[in-house]
Amino acid sequence: MADARIFKDLKADHDRHRKMFAELSDAKSDKREKLFEELRQELQAHAAAEEESLYSTMLAIPELRDEARHSVSEHKEIDDFLGELIELDIASDDWSEKFGKLQHRYFHHIDEEEEEMFPEAAKTLSEADEARIAKVFEKRKPKELEIAAEEKPGDERE
């Protein structure tokens with residue numbers, strides 16, 4: 001069902017990310033670095049926890065596999081944007097342009113998830129699956145935030 005806890009958890013994260021993007025877009029350059037680092041960590045932790053919970057389950061279900069693969073590839077693309085932004089001068093026009101592209105790409109991704117993927121997954125997953133996925137996500141997300149605080153995009157995990 002579409003109002004299952006896992007979909008509420010993911011949507012709540014997406015809503016928080018939309019606010020973080022808006023705050024960062026409006027921020028003066030002296031506040032950008034801190035806000036960007038918070039956003040980067042949040043996006044990386046969310047993606048990893050989502051992949052370990054929802055996507056891993058979807059990959060095992062033939063009728064959901066293509067959507068999961070598509071979303072994993074979008075996570076990689078977003079992570080690449082984050083890595084590129086880290087390398088740029090945060091006060092530069094290049095950074096602002098790249099950030100705008102990241103925002104557009106990320107909003108497309110979460111809109112697609114919320115409007116297409118989540119409803120499709122909800123039709124296929126059992127309530128027990130949804131509850132298990134929510135538990136995995138809720139357990140993994142804090143751990144992934146700790147990892148993201150230590151690792152930048154492209155860093156290899158040991």
Side-chain angles (χ1 to χ4, degrees), residues 3-59 64 67-118 121 130-158:
D3 64 344
R5 190 170 91 218
I6 183 56
F7 302 116
K8 287 180 180 178
D9 287 349
L10 295 170
K11 175 82 168 67
D13 269 9
H14 293 169
D15 290 344
R16 183 170 45 261
H17 300 162
R18 286 179 180 102
K19 288 177 185 169
M20 293 173 83
F21 269 101
E23 187 177 356
L24 185 50
S25 293
D26 294 339
K28 303 259 189 267
S29 59
D30 63 327
K31 300 219 190 258
R32 273 187 184 172
E33 196 166 329
K34 178 183 181 294
L35 293 172
F36 175 70
E37 183 58 17
E38 290 170 1
L39 176 66
R40 179 197 65 77
Q41 290 176 25
E42 177 63 30
L43 293 180
Q44 286 187 267
H46 171 88
E50 186 175 47
E51 289 173 11
E52 292 175 37
S53 58
L54 180 62
Y55 294 178
S56 65
T57 301
M58 290 176 65
L59 286 167
L64 298 177
E67 286 194 58
R69 285 180 179 152
H70 175 74
S71 287
V72 168
S73 72
E74 288 183 340
H75 280 184
K76 171 67 170 109
E77 187 178 343
I78 291 161
D79 197 55
D80 289 345
F81 269 111
L82 293 170
E84 292 169 17
L85 283 163
I86 287 171
E87 299 299 319
L88 295 173
D89 175 1
I90 204 159
S92 72
D93 290 341
D94 288 343
W95 191 94
S96 295
E97 182 180 332
K98 180 73 69 179
F99 179 76
K101 289 178 181 177
L102 165 65
Q103 180 172 331
H104 176 78
R105 189 73 196 103
Y106 185 70
F107 285 8
H108 166 80
H109 169 73
I110 60 177
D111 289 345
E112 200 170 60
E113 281 187 335
E114 292 172 4
E115 295 167 16
E116 298 171 27
M117 182 200 290
F118 295 171
E130 291 172 350
R132 178 185 49 76
I133 293 166
K135 284 181 186 172
V136 171
F137 180 81
E138 291 164 0
K139 182 177 179 183
R140 285 304 314 164
K141 176 88 185 286
K143 292 178 182 175
E144 292 297 336
L145 280 168
E146 290 176 14
I147 292 168
E150 299 296 321
E151 297 177 358
K152 303 283 191 233
D155 285 353
E156 296 295 320
R157 288 193 180 187
E158 294 177 17

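Model, not experiment: these values are computed from the prediction.
- What you find for W95 and D89 is that their closest heavy atoms are CB-O, 3.1 Å.
- L10 has its side chain within reach of F137: a pair of non-hydrogen atoms, C-beta onward, lies under 4.5 Å apart.
- I147 approaches R140 most closely through the heavy-atom pair CD1-NH2, 4.1 Å.
- Under the rule for a ring-ring contact (aromatic ring centres under 6.0 Å, His included), F81 has no partner lying at least two apart in sequence or in another chain.
- Heavy-atom contacts from other residues, nucleotides or ligands closer than 6.0 Å to CD of E33 number 12 or fewer.
- In this structure, the separation between CZ on F36 and CD on Q41 is 10.5 Å, given to the nearest 0.5 Å.
- Of all non-hydrogen atoms in I90 and R32, the two that sit nearest each other are O-NH1, 2.5 Å.
- Side-chain contact check for F99 versus E84: every heavy-atom pair is 4.5 Å or farther apart.
- Within the 4.5 Å cutoff, side-chain heavy atoms of E144 are placed close to those of E52.
- Among residues two or more places apart in sequence or in another chain, the side-chain contact (heavy atoms from CB on, under 4.5 Å) test is passed with K34 by E38.
- Relative ring orientation between Y106 and H109 is described as tilted, the plane-to-plane angle lying within the 30° to 60° band.
- Donor-acceptor pairing under 3.5 Å is recorded for the side chains of E113 and H14.
- Considering only heavy atoms from C-beta on, L85 stays 4.5 Å or farther from R40 through its side chain.
- For the residue pair Q103 and S25, the shortest heavy atom distance occurs at OE1-OG, 3.1 Å.
- Residue H108 holds its NE2 atom at 9.0 Å from CD1 of I78, rounded to the nearest 0.5 Å.
- In this structure, Q44 and A148 approach most closely via the heavy-atom pair CB-CB, 4.1 Å.
- We find the CG-NZ distance between D9 and K135 to be 12.5 Å, quoted to the nearest 0.5 Å.
- Annotation: salt bridge (charged side-chain N to carboxylate O under 4.0 Å, His left out) contacts involving residues 10-24, sequence neighbours excluded, comprise K11-D15, D13-R16, D13-K141, D15-R18, R16-E42, R18-D111, R18-E114.
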- Derivation and outcome, side chain to side chain contact (heavy atoms under 4.5 Å, CB included), residues R105 and E74: CA-CA 8 Å; R105 189 73 196 103; E74 288 183 340; 2.9 Å; yes
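- Minimum interatomic distance between A131 and R5 (heavy atoms only, all atoms of both residues): O-NH2, 4.0 Å.
- Put simply, the side chain of S71 never gets that close to the backbone of A68: no donor and acceptor are under 3.5 Å apart.
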- Derivation of the side chain to side chain contact (heavy atoms under 4.5 Å, CB included) call for D80 and K76: CA-CA 6 Å; D80 289 345; K76 171 67 170 109; 2.5 Å; yes
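- I133 CD1 to T57 OG1: the interatomic distance, rounded to the nearest 0.5 Å, is 4.0 Å.
- Distance check, rounded to the nearest 0.5 Å: NZ of K98 to CD1 of I86 gives 13.0 Å.
- For the pair F118/I6, no side-chain contact is recorded, criterion being any heavy-atom separation below 4.5 Å from C-beta on.
- Within a 6.0 Å radius of CG in D93, no more than 12 heavy atoms belonging to other residues, nucleotides or ligands are found.
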